[in-house]
Chemist: 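One structure, as structure tokens, below. Some questions next.
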Amino acid sequence: MFIAQELRKKNIAEYLLYMWQVEDTIRAFDCSLARIRREYIDRFEYNEEQKEEETDWYGNLIRMMNSEGCRQQGHLQINKVTLQMMSELHQQLLSSSKFPFYNAEYYKVLPFIVELRNRGANKEEGEVETCLNLLYGVMMLRLQKKEISPNTQHALKEVSTFVGMLSDYYKKDKEEPLEF
């Protein structure tokens with residue numbers, strides 16, 4: 001909860017990737033709040049009040065995962081909405097002539113997006129989701145200490161720059177709406 005709050009203010013893409021990781025963490029503990037508290041939250045150097053807040057937050061997420069049918073896979077509605085807002089901003093930035101650097105960066109990563117979509121199971125996912133799935137997938141590979149090919153590293157570098165730019169525009173738009 002504490003990390004999510006900070007990330008949401010600073011970088012929406014990092015926030016969303018973190019929330020996807022939280023969903024997977026909950027699944028890894030079989031959606032058991034008792035296990036999450038005992039085996040995960042208690043490992044952090046939080047005071048008792050912070051541990052209770054964190055436990056409540058995880059409990060709420062577990063309830064939402066159960067009610068939304070994403071105990072095994074998929075994303076919470078709150079995360080889908082965040083992704084949708086990012087995707088809508090992406091489309092607005094692309095359709096405006098006021099953001100040439102964003103457009104240039106988009107066309108730089110478009111071949112990677114097309115290739116990733118052709119390889120993926122879900123060809124209907126949006127471009128922003130495809131980019132975030134690459135970032136999340138590489139993050140998981142690194143956590144597992146698996147090798148990342150040079151081609152994937154190159155794609156990762158370009159996609160990271162693009163998603164970072166989108167996140168910056170998202171933050172600016174929330175602080176003071178952008179004019180398209």
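For this chain, numbers begin at 1 and follow the sequence in order.
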Chemist: Does the side chain of Met85 reach to within under 4.5 Å of the side chain of Leu89, using non-hydrogen atoms?
Modeler: no
Chemist: To the closest 0.5 Å, what do you measure between CD (Glu127) and CG (Leu110)?
Modeler: 6.0 Å
Chemist: Hey, could you give me the CG/OG1 distance between Asn60 and Thr55, rounded to the nearest 0.5 Å?
Modeler: 11.0 Å
Chemist: Could you pull out the closest heavy-atom pair between Gly59 and Leu33, with the gap in Å?
Modeler: N-CD1, 3.6 Å
Chemist: Kindly indicate whether the side chain of Leu61, heavy atoms from C-beta on, has any atom under 4.5 Å from the side chain of Ile78.
Modeler: yes
Chemist: Would you give the length of the straight line joining atom CG of Asp168 to atom CG of Asp173, rounded to the nearest 0.5 angstrom?
Modeler: 12.5 Å
Chemist: So which heavy atom on Val128 is nearest to which on Ser87, and how close?
Modeler: CB-OG, 3.7 Å
Chemist: Identify whether NZ of Lys or CZ of Arg in Arg8 sits under 6.0 Å from the centre of the six-membered ring of Tyr15 and within 45° of that ring's axis.
Modeler: yes
Chemist: Would you check, one step at a time, whether the test side-chain hydrogen bond (donor to acceptor under 3.5 Å, both in side chains) holds for Arg63 with Asn66?
Modeler: CA-CA 5 Å; Arg63 278 189 286 287; Asn66 285 329; over 6 Å; no
Chemist: For Met1, is there any backbone N or O sitting under 3.5 Å from a side-chain donor or acceptor partner on Glu54?
Modeler: yes
Chemist: Test your reading of the model: is there a side-chain donor-acceptor pair from Gln153 to the backbone of Ile148, 3.5 Å cut-off?
Modeler: yes
Chemist: Would you find a donor on one side and an acceptor on the other, under 3.5 Å apart, between the side chain of Ser167 and the backbone of Ala13?
Modeler: yes
Chemist: Quick test of your reading of the model: are Lys157 and Glu105 salt-bridged, counting only N-O distances below 4.0 Å?
Modeler: no
Chemist: Quick one, His90 with Tyr169, criterion side-chain hydrogen bond (donor to acceptor under 3.5 Å, both in side chains). Give me CA distance, side-chain angles, the key distance, then yes/no.
Modeler: CA-CA 9 Å; His90 165 68; Tyr169 279 121; over 6 Å; no
Chemist: Take the angle between the ring planes of Phe44 and Tyr40 and call it parallel below 30°, perpendicular above 60°, tilted in between.
Modeler: perpendicular
Chemist: More than 12 non-hydrogen atoms from neighbouring residues, nucleotides or ligands closer than 6.0 Å to CD on Glu176, yes or no?
Modeler: no
Chemist: Is any side-chain heavy atom of Asn11 closer than 4.5 Å to a side-chain heavy atom of Lys171?
Modeler: no
Chemist: Say you draw a straight line from CD of Glu53 to CZ of Phe2; how long is it, rounded to the nearest 0.5 Å?
Modeler: 4.5 Å
Chemist: Listed by chain and number, what are the ring pair (Phe, Tyr, Trp, His ring centres under 6.0 Å) partners of His75, not counting sequence neighbours?
Modeler: Trp20
Chemist: Measure the spacing between CD of Gln77 and CG of Leu83 and express it to the nearest 0.5 Å.
Modeler: 11.0 Å
Chemist: Applying a strict under-4.5 Å side-chain criterion to I, L, V, M, F, W and Y, I'd like to know whether Leu143 and Leu156 cluster together.
Modeler: yes
Chemist: Under 4.0 Å between a side-chain nitrogen and a carboxylate oxygen: does that hold for Arg119 and Glu115?
Modeler: yes
Chemist: Is the number of heavy atoms from other residues, nucleotides or ligands within 6.0 Å of OH (Tyr107) greater than 12?
Modeler: no
Chemist: Can you see which heavy atom on Ala4 is nearest to which on Met19, and at what distance?
Modeler: CB-SD, 4.0 Å
Chemist: Please indicate whether Glu175 has more than 12 foreign heavy atoms, meaning atoms of other residues, nucleotides or ligands, lying under 6.0 Å from its CD.
Modeler: yes
Chemist: Verify salt bridge (charged side-chain N to carboxylate O under 4.0 Å, His left out) between Glu6 and Lys10, making sure each step is shown before the conclusion.
Modeler: CA-CA 6 Å; Glu6 280 305 305; Lys10 293 180 180 175; 3.7 Å; yes
Chemist: Ignoring hydrogens and geometry, is there a side-chain-to-backbone donor-acceptor pair from Gln50 to Asn47 under 3.5 Å?
Modeler: yes
Chemist: For the rings on Phe162 and Phe112, is their centre-to-centre separation under 6.0 Å?
Modeler: no
Chemist: Between Ser95 (side chain only) and Gln92 (backbone N and O only), is there a donor and an acceptor less than 3.5 Å apart?
Modeler: yes
Chemist: Pick from Lys80, Gln21, Met86: which one makes a side-chain contact (heavy atoms from CB on, under 4.5 Å) with Leu16?
Modeler: Met86
Chemist: Taking atom CD of Glu23 and atom CG of Asn79, what is their separation to the nearest 0.5 Å?
Modeler: 4.5 Å
Chemist: Might you work through the side-chain hydrogen bond (donor to acceptor under 3.5 Å, both in side chains) test for Glu88 and Gln84, ending with a clear yes or no?
Modeler: CA-CA 6 Å; Glu88 288 169 4; Gln84 182 62 37; 3.0 Å; yes
Chemist: Does the ring of Tyr170 carry Lys174 above it, NZ/CZ under 6.0 angstrom from centre and within 45° of its axis?
Modeler: yes
Chemist: Are the side chains of Leu134 and Ile113 in contact, using a 4.5 Å heavy-atom criterion?
Modeler: no
Chemist: Within a radius of less than 6.0 Å around CD of Gln73, do more than 12 heavy atoms belonging to other residues, nucleotides or ligands occur?
Modeler: no
Chemist: With a 4.5 Å cut-off on side-chain heavy atoms, are Leu93 and Phe180 touching?
Modeler: yes
Chemist: Can you name the closest pair of heavy atoms from Pro100 and Ser97 and give their distance?
Modeler: CD-O, 3.9 Å
Chemist: Are Asp24 and Arg27 ion-paired here, with the side-chain N under 4.0 Å from a carboxylate O?
Modeler: yes
Chemist: Taking 4.0 angstrom as the limit, do Arg37 and Glu52 come out as a salt bridge?
Modeler: yes
Chemist: For Tyr18, give me all partners under side-chain hydrogen bond (donor to acceptor under 3.5 Å, both in side chains), at least two apart in sequence or on another chain.
Modeler: none
